[in-house]
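Reminder, nothing fancy here: chain letters follow the sequence lines and each chain counts from 1. The structure displayed is predicted, hence computed values, not measured ones.
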There are 2 protein chains.
Amino acid sequence: MSSSIPGYEELLDRLKQVLRRNGLKHTVQRELILRVIYDCDEHFSPEELHQKVQHRFPDTRVGIATIYRTLSLLESEKMVTSVSFGVNGKKYEFGMKHHHDHMICDHCGLMIEFVDNTIETRQSAIAQEHRFEITGHIMQIHGVCHDCQQKD
Amino acid sequence: MSSSIPGYEELLDRLKQVLRRNGLKHTVQRELILRVIYDCDEHFSPEELHQKVQHRFPDTRVGIATIYRTLSLLESEKMVTSVSFGVNGKKYEFGMKHHHDHMICDHCGLMIEFVDNTIETRQSAIAQEHRFEITGHIMQIHGVCHDCQQKD
DNA sequence: GTCAGTGCAAAAGTTTTGCATACAG
DNA sequence: CTGTATGCAAAACTTTTGCACTGAC
């Protein structure tokens, strides 16, 4: 098993590689942002990420514009993924964990991650039927979690 | 089969019912907006909806604020659903068609709608395992459509 | 030294709010 | 009449851009 979640060093190498390949430069800001994203378990908005970075590395100024620019870069390289949670707007997550889907409680925001092989398999089959070359998918089950059901 | 897509009249009744139930008022604007949404096959942003409404009913002024307010109302009543398409931002769709999922081409934006019973069933099972009361789900397969594959 | 990257601030875009007026019930 | 709904404009947010300066290579 274990489709191996990369360690930070591995990830950093990958970033360097991407940068070199595109004639871009390795900067402190890009590295710090990657570091924070890597350590971030929850989903985050660009604004939240900005605050985390500033809080953790107060000695380096990182502008919100750089956050947006870096997120775009990382997203195009599939190192982060963006997910939309209805009313809460667009959020990002570290994109190289083991693949998983989300179950979201619309009352309290609780998020359960899960993987289901039957679903994954069907998806490939459907894509194939339509001669569609699949690059990824988003699957969210929305509802009310057990705790919130009690409270009603 | 046919889980019966409601006709416009039915839908309008439902709206009136919702309004009455919440002590809200039946207004021309709300009706026109519903009308346009009902006839709209594609997904739309609030701004696009606004333009469609103005274009189709030039005699009634409908402000963008009313569009947003009405979309919120309809969304909370599950009469429209919002879907997020990554880079394209938040879009809405008429929420009472027969349920379907989306397959989206990231090159040309082509959207194929589909339903798969195996997936639907597994979803319910997963929700049950977590004592989760399911209210809906979002499932999008992203990739490259057949046409776009040719073009590369 | 060169050229991409950065912070900052301004601009552009999106969504929400306040308020006086209109109008449904 | 009463109180919700509306349009408009202002405000609040979110995201992108322009520019002069910095710093990686």
Side-chain angles (χ1 to χ4, degrees), chain A residues 12-13 15-36 43-55 57-77 80 82-92, chain B residues 12-13 15-36 43-55 57-77 80 82-92:
Chain A
L12 188 55
D13 279 350
L15 176 62
K16 286 177 182 167
Q17 198 180 317
V18 164
L19 295 175
R20 217 170 301 127
R21 170 155 40 84
N22 296 76
L24 305 175
K25 292 173 182 171
H26 178 215
T27 65
V28 198
Q29 285 84 348
R30 283 173 174 162
E31 187 167 333
L32 296 187
I33 291 172
L34 184 67
R35 177 79 243 185
V36 171
H43 298 73
F44 50 86
S45 64
E47 184 50 38
E48 284 162 359
L49 178 57
H50 186 214
Q51 284 171 12
K52 278 175 202 282
V53 172
Q54 289 199 311
H55 181 260
F57 302 103
D59 298 340
T60 313
R61 290 241 97 260
V62 177
I64 186 72
T66 298
I67 298 284
Y68 277 100
R69 290 186 278 233
T70 305
L71 278 174
S72 293
L73 172 66
L74 294 177
E75 188 171 15
S76 72
E77 292 295 332
V80 302
S82 64
V83 201
S84 173
F85 295 95
V87 78
N88 309 303
K90 194 174 184 179
K91 299 227 170 177
Y92 289 83
Chain B
L12 188 54
D13 280 349
L15 176 62
K16 286 178 182 164
Q17 196 180 319
V18 164
L19 295 175
R20 219 171 302 125
R21 171 154 37 87
N22 295 76
L24 304 175
K25 292 173 179 173
H26 179 213
T27 65
V28 199
Q29 286 84 347
R30 283 173 175 162
E31 187 166 335
L32 296 187
I33 291 171
L34 185 67
R35 178 79 245 184
V36 172
H43 296 74
F44 51 86
S45 63
E47 183 50 39
E48 284 161 1
L49 178 58
H50 186 214
Q51 285 172 14
K52 277 174 202 281
V53 172
Q54 289 199 309
H55 181 260
F57 303 104
D59 298 340
T60 312
R61 291 242 96 261
V62 178
I64 185 74
T66 298
I67 297 283
Y68 277 100
R69 289 186 277 233
T70 305
L71 278 175
S72 293
L73 172 66
L74 295 177
E75 188 172 15
S76 71
E77 293 295 332
V80 301
S82 63
V83 202
S84 173
F85 295 96
V87 77
N88 310 302
K90 195 173 183 179
K91 298 228 169 176
Y92 289 84

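Between D:dT6 and B:Thr27, a contact under 4.0 Å exists linking OP1 or OP2 to a side-chain N or O.
Inter-residue side-chain proximity for A:Tyr92 and A:Leu49 is flagged as unmet; no heavy-atom pair is nearer than 4.5 Å. Within the 4.5 Å cutoff, side-chain heavy atoms of A:Leu74 are placed close to those of A:Leu15. At least one side-chain heavy atom of A:Leu73 sits less than 4.5 Å from a side-chain heavy atom of A:Leu24. At a threshold of 4.5 Å between non-hydrogen side-chain atoms, the residues B:Arg21 and B:Val18 count as touching. A:Phe57 is not listed as a side-chain neighbour of A:Val62, based on a closest heavy-atom distance of 4.5 Å or more.
Axis angle across the helix from C:dG1-D:dC25 to C:dG25-D:dC1, with five pairs used at each end and values rounded to 10°: 40°.
Proximity note for B:Lys25 (side chain, C-beta onward) versus D:dG18, D:dT14, D:dG3: the nearest is D:dG3.
Going from atom OH of A:Tyr92 over to atom C1' of D:dT15 covers 9 Å, rounded to whole Å. B:Arg69 places its CZ atom 6 Å from the C1' atom of D:dT6, with the value rounded to the nearest Å. Residue A:Leu32 contributes atom CG, which lies 14 Å from atom P of D:dG23 at whole-angstrom precision. Counting to the nearest Å, the C1' atom of D:dG23 and the CZ atom of A:Arg61 are 18 Å from each other. One interatomic measurement links the two molecules: CD of B:Gln54 to P of D:dT6, which rounds to 15 Å at whole-angstrom precision. We find that CD1 of A:Ile67 is positioned 13 Å from P of D:dT16, with the value rounded to whole Å. Residue B:Phe57 contributes atom CZ, which lies 17 Å from atom C1' of D:dT6 at whole-angstrom precision. Per the geometry, CG belonging to B:Leu73 stands 9 Å off P belonging to D:dA5, to the nearest Å.
Only one option out of A:Arg35, A:Glu31, A:Gln17 pairs with A:Leu12 in a side-chain contact (heavy atoms from CB on, under 4.5 Å); it is A:Glu31.
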Applying side chain to side chain contact (heavy atoms under 4.5 Å, CB included) to A:Arg69 and A:Thr66, what does each step give before you reach the verdict? CA-CA 5 Å; A:Arg69 290 186 278 233; A:Thr66 298; 4.0 Å; yes
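Residue order along DNA chain D, read from the 5' end via each residue's closest nucleotide, puts B:Ala65 first among A:Ile64 and B:Ala65. Between B:Val28 and B:Glu47, the residue anchored closer to the 5' end of DNA chain C is B:Glu47, taking for each the nucleotide with the nearest heavy atom. Residue whose closest nucleotide on DNA chain C sits further toward the 5' end, between B:Leu24 and A:Thr60: A:Thr60.
Contact footprint of chain B on DNA chain C: nucleotides with an atom under 4.0 Å from a non-hydrogen protein atom, first to last in 5' to 3' order, C:dT14 to C:dG25.
Here the CD-NE2 distance, from B:Glu48 to B:His43, works out to 11.0 Å after rounding to the nearest 0.5 Å.
Nearest heavy-atom pair across B:Arg61 and B:Gln54 is NH2-NE2, 2.9 Å.
Across all strands shown, A:Arg30 has heavy atoms under 4.0 Å from sugar-phosphate atoms exclusively, and none from any base.
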